[in-house]
Engineer: 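I am attaching a structure below and will ask some questions about it afterwards.
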Amino acid sequence: MTRSRSGILFVLSGPSGAGKGTVCGALMQRTPELSLSISATTRAPRPGEEHGENYFFTSRSEFEEKIANNQLLEWAEVYGNYYGTPRDFVEQKLAQGQDVLLEIDIQGAMQVKHHYPTGVFLFLVPPSATELKARILGRGTESEESFRKRFGAARQELQMMREYNYVVVNDVVEAACQRIEAVIEAEHLSVKRNLDLLLDW
Ligand code: ADP
Ligand code: 5GP
């Protein structure tokens, strides 16, 4: 029997500095069948970041045009900049049966949850507040004001974990990846996604 199923939409959020970018990067190396959506943002590139690889870096007016043209699946203003998920990429990959991973903030994830209730929502947390502080500072990319915004938001953001399906502690990157892969595998085996197996009986 040939089965044609659409892909699963996985959404990963978590406080700034939890290691979302690092874990997603490692996951892409390990799990090539998963497609990572590249977001548009009005934030300035950090040293080493590439247009089209880390983000599509856009002006505010370009971003507002994308909103007006309904080209974004979700968007939000985060720490003073716009971020959003290009709609076409996600819809095409899912229709082709490929799983897609979005690494987006909580506001965006809640919009996705509303429109894609079959999506799977994962929350990445650091092992402790002290470690989170060390990671944001250790990354060395934030001004003092930006650090305060990001670290200050973390406590409230953690409360939103309740809205997600799975929580993944990012103690060691490889271990966090294994946990996410376990979720991906389990979701593929869930009964509600396999009801077509009953069709021939
Ligand atoms: P986010 O995307 O959630 O803001 P990053 O991926 O930029 O976080 O990670 C923040 C900092 O923490 C980076 O310097 C990164 O190298 C480091 N980091 C990420 N995961 C771990 C980990 N498991 N152990 C130690 N350092 C980590
Ligand atoms: P950073 O500036 O550290 O790369 O990202 C800041 C925040 O924006 C992170 O919480 C990240 O998950 C979030 N983010 C990145 N891309 C998107 C997106 O397309 N949509 C939304 N809503 N948030 C995003």
Side-chain angles (χ1 to χ4, degrees), residues 9-29 35-58 62-63 66-67 71-90 100-116 119 121-143 145-147 149-154 156-158 160-161 163-164 167-180:
L9 184 58
F10 293 93
V11 178
L12 183 75
S13 309
S16 180
K20 299 180 297 297
T22 306
V23 168
C24 285
L27 207 54
M28 287 306 115
Q29 298 289 320
S35 299
L36 179 67
S37 158
I38 298 174
S39 299
T41 184
T42 59
R43 160 165 90 57
R46 293 177 183 142
E49 283 187 336
E50 297 284 345
H51 180 80
E53 198 174 303
N54 305 89
Y55 281 106
F56 295 109
F57 295 100
T58 56
E62 272 177 302
F63 197 99
K66 287 182 198 294
I67 298 173
Q71 287 170 289
L72 300 175
L73 191 76
E74 61 72 37
W75 64 273
E77 191 157 0
V78 191
Y79 316 124
N81 286 297
Y82 283 140
Y83 294 81
T85 303
R87 179 188 297 283
D88 282 357
F89 176 86
V90 176
V100 178
L101 176 63
L102 308 184
E103 188 250 274
I104 61 175
D105 92 308
I106 297 165
Q107 308 167 70
M110 293 305 105
Q111 294 173 43
V112 177
K113 194 174 165 187
H114 185 71
H115 294 293
Y116 288 83
F121 296 82
L122 300 103
F123 201 75
L124 191 76
V125 296
S128 65
T130 313
E131 176 64 18
L132 182 66
K133 195 173 188 173
R135 285 187 190 171
I136 306 176
L137 291 173
R139 192 168 61 191
T141 51
E142 309 308 319
S143 64
E145 192 204 337
S146 171
F147 164 76
K149 262 190 209 166
R150 285 163 189 260
F151 188 69
Q156 264 194 328
E157 286 173 349
L158 277 171
M160 289 299 288
M161 187 179 100
E163 299 294 325
Y164 287 71
V167 61
V168 175
V169 177
N170 176 22
D171 41 12
V172 174
V173 174
E174 293 302 304
C177 288
Q178 277 174 19
R179 292 169 189 135
I180 295 172

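Atom set for the values below is all heavy atoms of this structure, side chains included, hydrogens, waters and symmetry mates excluded. We count ligands from 1, going down the list as the structure has it; atoms in each ligand are counted the same way.
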Engineer: At what distance, to the nearest 0.5 angstrom, does CG of Leu158 lie from CD1 of Ile106?
Structural biologist: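 Leu158 atom CG to Ile106 atom CD1 measures 8.0 Å (nearest 0.5 Å).
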Engineer: Does the N or O separation between Arg139 and ligand 2 drop below 3.5 Å for any pair?
Structural biologist: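 N/O-N/O distance below 3.5 Å does not exist for this pair.
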Engineer: Counting from 1, what ligand 2 atoms have a heavy atom of Asp105 closer than 4.0 Å?
Structural biologist: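 Contacts of ligand 2 toward Asp105, numbered from 1: 10 (O), 12 (O), 13 (C), 14 (N), 21 (C), 22 (N), 23 (N), 24 (C).
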Engineer: How close do Leu132 and Ala154 get, counting heavy atoms only, and between which atoms?
Structural biologist: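 Reported closest heavy-atom pair: CD2-CB, 3.5 Å.
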Engineer: Does Arg46 reach ligand 2 with a nitrogen or oxygen that is under 3.5 Å from one of the ligand's nitrogen or oxygen atoms?
Structural biologist: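 Right, the criterion is met.
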Engineer: Enumerate the atoms of ligand 2 whose separation from the nearest heavy atom of Ala76 is less than 4.0 angstrom.
Structural biologist: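 Ligand 2 atoms under the 4.0 Å threshold to Ala76: 22 (N).
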Engineer: Tell me if a side-chain donor or acceptor on Lys20 pairs with a main-chain N or O of Leu124 at a distance below 3.5 Å.
Structural biologist: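 Not at all, since once roles are kept as given, no pair shorter than 3.5 Å links the two residues.
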Engineer: Identify whether NZ of Lys or CZ of Arg in Lys149 sits under 6.0 Å from the centre of the six-membered ring of Tyr79 and within 45° of that ring's axis.
Structural biologist: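 Output no; distance or angle outside limits.
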Engineer: CE of Met110: more than 12 outside heavy atoms within 6.0 angstrom?
Structural biologist: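 Enclosed: over 12 neighbouring heavy atoms sit under 6.0 Å from CE of Met110.
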Engineer: May I ask you to decide if the ring planes of Phe63 and Tyr82 are parallel, tilted or perpendicular, using 30° and 60° as cut-offs?
Structural biologist: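 Plane angle under 30°, so parallel.
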Engineer: Would you mind listing which atoms of ligand 2 come within a distance below 4.0 Å of any non-hydrogen atom of Glu103?
Structural biologist: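 This gives 11 (C), 12 (O), 14 (N), 15 (C), 16 (N), 17 (C) as the contact atoms.
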Engineer: Could you name the option among Tyr55, Tyr79, Trp75, Phe56 that has the heavy atom nearest to atom 15 (C) of ligand 2?
Structural biologist: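 It is Tyr55 whose heavy atom sits nearest to atom 15 (C) of ligand 2.
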Engineer: Among all the protein's non-hydrogen atoms, which is closest to atom 6 (C) of ligand 2, and how far away is it?
Structural biologist: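 Ranking protein heavy atoms by distance from atom 6 (C) of ligand 2, first comes Tyr83 OH, 3.5 Å.
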Engineer: Tell me: protein heavy atom nearest atom 9 (C) of ligand 2, and distance?
Structural biologist: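 Going by distance alone, atom 9 (C) of ligand 2 is nearest to Lys20 CE, 4.0 Å.
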Engineer: Give, for atom CZ of Phe57 and atom OG1 of Thr41, the distance between the pair rounded to the nearest 0.5 Å.
Structural biologist: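 OG1 of Thr41 is found 7.0 Å from CZ of Phe57.
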Engineer: Is there at least one pair of N or O atoms, one from Ser16 and one from ligand 2, spaced under 3.5 Å apart?
Structural biologist: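 N/O-N/O distance below 3.5 Å does not exist for this pair.
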Engineer: Any side-chain heavy-atom pair from Lys133 and Phe147 closer than 4.5 angstrom?
Structural biologist: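 Lys133 vs Phe147: side chains touch.
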Engineer: I need the nearest protein heavy-atom contact for atom 19 (O) of ligand 2: residue, atom name and distance, please.
Structural biologist: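 Nearest protein contact, heavy atoms only, for atom 19 (O) of ligand 2 is Ser39 OG, 2.7 Å.
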Engineer: Is it the case that ligand 2 has an N or O less than 3.5 angstrom from some N or O of Gly84?
Structural biologist: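 Yes.
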Engineer: When you measure from the side chain of Glu163 to the backbone N and O of Met160, does any donor-acceptor pair fall under 3.5 Å?
Structural biologist: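 Not confirmed, Glu163 side chain does not pair with Met160 backbone.
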Engineer: Less than 4.5 Å apart, any side-chain heavy atom of Val168 and any of Leu12?
Structural biologist: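 No - every pair of side-chain heavy atoms lies 4.5 Å or more apart.
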Engineer: Take Arg135 and Glu131 through the test salt bridge (charged side-chain N to carboxylate O under 4.0 Å, His left out) and record every step on the way to the result.
Structural biologist: CA-CA 6 Å; Arg135 285 187 190 171; Glu131 176 64 18; 2.7 Å; yes
Engineer: Just go through Glu77, Gln107, Glu74, Glu49 and tell me whose heavy atom is the nearest to atom 20 (N) of ligand 2.
Structural biologist: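 Selected option, by shortest heavy-atom distance: Glu74.
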Engineer: For Arg43, counting its heavy atoms only, list the atoms of ligand 2 lying under 4.0 Å from any of them.
Structural biologist: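 Under 4.0 Å from Arg43, ligand 2 has these atoms: 1 (P), 2 (O), 4 (O).
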Engineer: Please step through salt bridge (charged side-chain N to carboxylate O under 4.0 Å, His left out) for the pair Glu74 and Lys113, ending with a clear verdict.
Structural biologist: CA-CA 10 Å; Glu74 61 72 37; Lys113 194 174 165 187; over 6 Å; no
Engineer: Return the protein residues near ligand 1 (heavy atom under 4.0 Å from any of its atoms), ordered by chain and residue number.
Structural biologist: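 Within 4.0 Å of ligand 1, the protein residues are Pro15, Ser16, Gly17, Ala18, Gly19, Lys20, Gly21, Thr22, Arg135, Arg139, Asn170, Asp171, Val172, Val173.
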Engineer: Can you name the atoms of ligand 2, numbered from 1 with element, that are less than 4.0 Å from a heavy atom of Gly108?
Structural biologist: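 In order of number, 22 (N).
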Engineer: Considering non-hydrogen atoms of the protein only, which is the closest contact for atom 7 (C) of ligand 2, and what is the distance?
Structural biologist: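 Protein heavy atom at minimum distance: Val78 CG1, 3.8 Å.
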Engineer: Using a strict 4.0 Å threshold on nitrogen-to-oxygen distance, state whether Arg150 and Glu157 make a salt bridge.
Structural biologist: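 Salt bridge flag = no for Glu157 with Arg150.
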Engineer: Is ligand 2 under 4.0 Å from a heavy atom in the side chain of Glu142, in the backbone, in both, or in neither?
Structural biologist: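 The answer is neither; Glu142 stays 4.0 Å or more away.
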Engineer: Using heavy atoms and a 4.0 Å limit, tell me yes or no: is Gln111 in contact with ligand 2?
Structural biologist: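 No heavy atom of Gln111 comes that close to ligand 2.
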Engineer: Within a strict 4.5 Å, meaning less than it, do heavy atoms of the Ile104 and Tyr83 side chains meet?
Structural biologist: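 Not touching, per the 4.5 Å side-chain cut-off.
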